[in-house]
Amino acid sequence: MLRLGSSIRLTRPEIARFTEITGFEPEDVRTTGDLKAYVSRCKAYYWGTSRDTQFLHWLIDREWSNCISQRPLSS
């Protein structure tokens, strides 16, 4: 994820991973709030208590966490 102030841009690999996991492309994600809303919509779409659903939610949460926890490049 590329970040400039409050704006973000997902990289192609991140878009591909989110799309592969959820089946929905993360379109119009320009802030961390937009990304959080996208994750919430995907998890709401795949709701339930089955082990498969729990695993899918875990995958989505893991990808979210990987994006958010990236450290900025130091010079």
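Index from 1, following the sequence. Keep in mind that what you see is a predicted model, and the values were worked out from it rather than measured.
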What's the spacing between [X] [atom1] and [Y] [atom2] if we round to 0.5 Å?
X	Y	atom1	atom2	value
L59	E20	CG	CD	10.5 Å
E27	L10	CD	CG	12.0 Å
Q54	R51	CD	CZ	7.5 Å
C67	I8	SG	CD1	7.5 Å

Hydrophobic clustering (ILVMFWY, side-chain heavy atoms < 4.5 Å, transitive) - are I15 and L4 grouped together? no
In sequence, state the C-alpha distance, the side-chain angles, and the governing distance for T53 and W47, and then conclude on side-chain contact (heavy atoms from CB on, under 4.5 Å). CA-CA 7 Å; T53 302; W47 63 273; 5.7 Å; no
Pairwise side-chain contact, T32 with I68, heavy-atom cut-off 4.5 Å (strictly under): yes
Is there a side-chain contact between P13 and R17 (heavy atoms, below 4.5 Å)? yes
For the residue pair F24 and Y46, categorise the inter-ring angle as parallel (less than 30°), tilted (30 to 60°) or perpendicular (more than 60°). tilted
Let's go through T22 and V39 carefully: what are the C-alpha distance in whole Å and the side-chain angles of both, what is the deciding distance for side-chain contact (heavy atoms from CB on, under 4.5 Å) to 0.1 Å, and is it a yes or a no? CA-CA 9 Å; T22 66; V39 165; over 6 Å; no
How would you list all residue pairs meeting salt bridge (Lys or Arg N to Asp or Glu O under 4.0 Å) that involve residues 35-44, not counting sequence neighbours? K43-D61
Decide side-chain contact (heavy atoms from CB on, under 4.5 Å) for M1 and E14; before the verdict, give the C-alpha distance in whole Å, the side-chain angles of both, and the deciding distance to 0.1 Å. CA-CA 7 Å; M1 178 173 71; E14 290 166 338; 3.6 Å; yes
Looking at V29, is its backbone amide N or carbonyl O close enough to the side chain of Y38 to form a donor-acceptor pair, meaning the two atoms are under 3.5 Å apart? no
Where I60 and C42 come nearest, the two heavy atoms and their spacing: CD1-CB, 4.2 Å
